[in-house]
**Q** 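This is the structure I have questions about; it appears just below.
All chains are named by letter (A, B, ...) in the order of the sequence lines, taking the proteins before the strands, and each is independently numbered beginning at 1.
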Amino acid sequence: MDKETWLLWLLADSQLPTGGFVASAGLEAALQAGLVSESAAGGASNSLTEFIRDSAHNQARFALPFCSRAYEEAAERLSQVSYDKSNADDSTTTASVLAEFLGLDSYHHAMLSSNKVAMRASVAQGGGLLSLFTRGYALAECMSDRRGQVCVGVAKQLQRLARLGEAKAHWPTVFGFVCAALGVSLAHTQQLYMFQFVRQVFSAAIRLNLVGPLRAQMLECDMHPYVSALLKEQAHLRVEFSSLDDLFGESAVYTEPILELYQGMHDRLYSRIFNS
Amino acid sequence: MPIPGAGIIDCQIVAGRLRQSVSSAYPLKIIAPHAGPAALTDPPLHPAVSYLMSYGGGIVHGDRIHVDVRVGSKCALVLLTQGSTKVFRSQLSSATEQTYQTIIIDVEPDALLCLLPDPVTCFKDAMYNQRQLLTLHSPTSSLVLLDWMTSGRMSRGERWDFAKYFSVNVIKTPDRIIMRDALLLQDNFARRMEPIDAFALILILGPAVADVAQTFREEHKAQRIKPFRPNAAHDHASEEQGILWSVSEIDEHGVCGVAVRAAGPSTEELKDWIKRRLVSLKPTVGDCVWSMYANSF
């Protein structure tokens with residue numbers, strides 16, 4: 001059995017301890033405010049599946065370009081460590097991987113500055129994954145080689161900066177970095193990113209009583225063609241942010257203004273079980 | 001030879017008086033009427049107003065509008081339009097031609113910029129790109145930015161019938177990018193936007209407009225959303241005029257304020273909703289400029 005498959009299944013596990021279970025991706029607010037409706041009838045699954053598809057579309061256009069770029073920037077620099085047989089000091093590579101990450105992360109943060117609820121969720125989950133990496137995977141045998149140790153060094157510095165408030169460690173960028181660190185392929189990273197997003201929203205829907213667990217499995221199973229098509233169309237996107245043209249460009253965009261609006265209502269909910 | 005569609009607005013206090021200079025080239029037209037005396041705020045801000053207009057009342061495919069704006073210390077510049085910005089594709093436009101409107105604004109320390117246009121209305125098949133970059137030079141710089149749009153020429157049955165709407169707002173300080181809001185409506189968005197006919201993003205940042213931000217904050221806090229029951233009577237004021245809205249707190253590297261998102265089933269209702277809540281701007285920009293804004297609809 002190849003190592004990558006094993007790692008993918010580990011990362012896809014819904015028990016992955018990153019704190020994702022407190023986030024509903026705006027579903028709770030959408031439900032309470034009437035955008036998504038609750039009913040046993042088959043028709044009601046429509047508003048839920050539409051919500052999940054639209055949110056997934058938004059993730060593909062907004063977050064995935066950051067995840068993919070974070071992956072590539074890290075992987076490219078780390079590959080030099082693997083090939084370099086000399087005893088060169090790896091601190092330059094560590095610094096370089098970290099610097100690239102921080103640039104991407106702070107740009108992602110700027111794109112969430114006007115959406116506090118989503119920002120909170122992203123930072124919480126990114127932080128959770130980063131902790132999982134530094135306190136879990138970092139100690140595994142597969143991270144004990146030189147390349148692995150550079151990754152651990154980057155992650156620890158990032159964690160320190162996050163504690164000082166000098167970095168945020170957002171979910172899509174941390175996800176890209178961790179997958180690159182573990183040696184998962186980019187294509188699988190992107191698929192996993194979308195899969196776990198969809199899975200998270202379904203999981204929230206079950207806990208919100210919008211759908212039963214068995215029906216949710218069926219609906220989630222049927223999401224495959226949509227997500228697959230989404231990846232086919234959008235997986236090539238990489239966020240660009242060096243020039244004014246980039247800032248004015250479409251490499252990372254939001255496509256669901258209504259969902260974003262509803263998500264912003266989350267903190268006004270009279271009673272709620274999710275954090276976001 | 002002036003660049004078509006290019007314009008400049010500059011506002012400064014010189015020897016204690018407001019000096020505003022504007023220039024524009026066809027198809028853009030900028031006019032700067034008299035704005036009234038200094039506001040009674042402490043410290044006083046000198047109001048100024050400019051209207052951004054297009055010959056023909058709309059922007060046609062292939063047009064590129066580019067406006068550079070500088071708001072000097074102690075100035076409160078309000079940018080308005082005359083009527084909805086209509087974007088349309090002419091029969092002469094090539095298939096790939098799009099429309100671009102770019103506004104680059106520098107807000108100096110102790111200055112206020114209010115960008116309060118009418119909403120953008122894209123006609124059938126239109127492709128519109130709006131880019132706005134605002135630099136707040138100091139934590140004492142303030143901004144009210146209203147970025148909004150409608151579903152189209154509803155009277156003609158055109159709802160969400162345009163080909164592309166892309167609006168980017170980048171807010172930065174001299175050191176860094178604080179915020180980038182980038183909304184793209186392009187593929188299959190009609191179904192998703194179906195429930196509404198007008199959508200607005202309002203950014204309220206900085207000390208000069210702290211009252212306005214507070215108005216939104218308090219209203220946001222006061223209204224709890226209770227679980228929606230389809231047949232029950234609704235008492236949340238989010239149902240007021242059918243407006244859906246949410247407020248997000250902004251606090252990034254010295255830039256503080258709120259971001260408001262609001263959507264409604266009609267442009268009129270959303271206009272009223274917004275106007276009612278921006279009224280605390282009146283003492284800051286003065287009666288004269290406020291009435292220009294308030295009466296422009």
Side-chain angles (χ1 to χ4, degrees), chain A residues 26 28-39 50-51 53-54 57-58 61-62 103 106-120 233-234 239 241 244-272, chain B residues 100 102 104 129-133 149 166-172 176-189 191-196 199-201 203 220-230 234 236 238 244-252 255 258-263:
Chain A
E28 184 165 36
L31 169 63
Q32 290 210 31
L35 179 69
V36 175
S37 49
E38 171 182 357
S39 150
E50 271 174 15
F51 178 92
R53 285 180 178 221
D54 295 345
H57 181 265
N58 191 59
R61 288 308 311 263
F62 170 67
S106 80
Y107 194 62
H108 191 70
H109 187 78
M111 290 199 69
L112 287 172
S113 293
S114 64
N115 186 345
K116 201 76 176 196
V117 175
M119 181 204 286
R120 198 167 66 208
E233 285 161 23
Q234 319 290 0
V239 60
F241 57 106
L244 185 59
D245 278 344
D246 290 339
L247 296 192
F248 288 159
E250 298 169 32
S251 63
V253 296
Y254 231 85
T255 59
E256 308 298 327
I258 300 185
L259 297 193
E260 191 174 19
L261 191 160
Y262 275 100
Q263 188 171 38
M265 291 178 180
H266 194 91
D267 292 342
R268 270 156 73 201
L269 298 181
Y270 185 72
S271 69
R272 57 193 191 235
Chain B
Y100 295 84
T102 309
I104 312 273
N129 301 270
Q130 178 179 289
R131 305 101 69 85
Q132 302 182 153
L133 171 68
M149 48 92 71
F166 179 51
S167 174
V168 195
N169 291 295
V170 180
I171 312 288
K172 60 186 284 287
R176 62 177 84 229
I177 296 169
I178 295 292
M179 178 187 312
R180 178 179 184 259
D181 182 272
L183 172 61
L184 174 65
L185 297 176
Q186 189 164 24
D187 301 314
N188 304 313
F189 57 89
R191 173 190 54 77
R192 306 202 295 270
M193 302 298 285
E194 227 299 307
I196 61 167
F199 183 85
L201 169 70
L203 298 176
H220 195 236
K221 264 195 220 140
Q223 283 157 25
R224 291 280 162 217
I225 295 174
K226 300 226 174 95
F228 181 87
R229 294 276 171 263
H234 303 302
H236 25 107
S238 63
L244 295 164
W245 59 286
S246 62
V247 176
S248 188
E249 196 66 33
I250 296 171
D251 188 356
E252 301 290 329
V255 177
V258 295
V260 180
R261 288 183 174 84

**Q** If you compare all heavy atoms of A:Met265 against all heavy atoms of B:Ser246, which two are closest, and at what distance to 0.1 Å?
**A** N-CB, 3.6 Å
**Q** Okay, side chain of B:Arg180, backbone of A:Met111: is any donor-acceptor separation there less than 3.5 Å?
**A** no
**Q** Under 4.5 Å, counting heavy-atom pairs only, tell me which of B:Glu249, B:His220, B:Lys221, B:Gln130 racks up the most with chain A.
**A** B:His220
**Q** B:Val260 versus chain A, heavy atoms under 4.5 Å apart: side chain, backbone, both or neither?
**A** neither
**Q** Answer yes or no: is there a side-chain heavy-atom contact under 4.5 Å between B:Phe166 and A:Val253?
**A** yes
**Q** Which pairs with one or both residues in residues 252-266 of chain A pass salt bridge (Lys or Arg N to Asp or Glu O under 4.0 Å), sequence neighbours excluded?
**A** A:Glu256-B:Arg192, A:Glu260-B:Arg261
**Q** Give, for atom CG of A:Leu244 and atom CG of B:Leu133, the distance between the pair rounded to the nearest 0.5 Å.
**A** 6.0 Å
**Q** Decide yes or no for A:Leu261 and B:Leu244: does some side-chain heavy atom of the first lie under 4.5 Å from some side-chain heavy atom of the second?
**A** yes
**Q** If you tally heavy-atom pairs under 4.5 Å against chain B, which of A:Phe62, A:Phe241, A:Tyr107, A:Phe248 wins?
**A** A:Phe248
**Q** Is there a side-chain contact between A:Glu50 and B:Arg191, using heavy atoms and a 4.5 Å cut-off?
**A** yes
**Q** Under 4.5 Å heavy-atom distance to chain A, tell me which part of B:Gln132 shows up: side chain, backbone, both or neither.
**A** backbone
**Q** Return the option, out of B:Ser248, B:Ala259, B:Ala262, with the maximum number of heavy-atom pairs under 4.5 Å with chain A.
**A** B:Ser248
**Q** Counting heavy-atom pairs under 4.5 Å with chain A, which one of B:Val170, B:Asp181, B:Leu185, B:Ile177 comes out on top?
**A** B:Ile177
**Q** Between A:His57 and chain B, which part of the residue has a heavy atom less than 4.5 Å away: side chain, backbone, both or neither?
**A** side chain
**Q** Hey, what do you get for OG (A:Ser114) to CG (B:Leu201), rounding to the nearest 0.5 Å?
**A** 6.0 Å
**Q** Where is the tightest heavy-atom contact between B:Val168 and A:Leu247, given as atom of each residue plus distance?
**A** CG1-O, 3.5 Å
**Q** Hey, which of B:Ile250, B:Asn129, B:Ile178, B:Leu203 has the most heavy atom pairs under 4.5 Å with chain A?
**A** B:Ile178
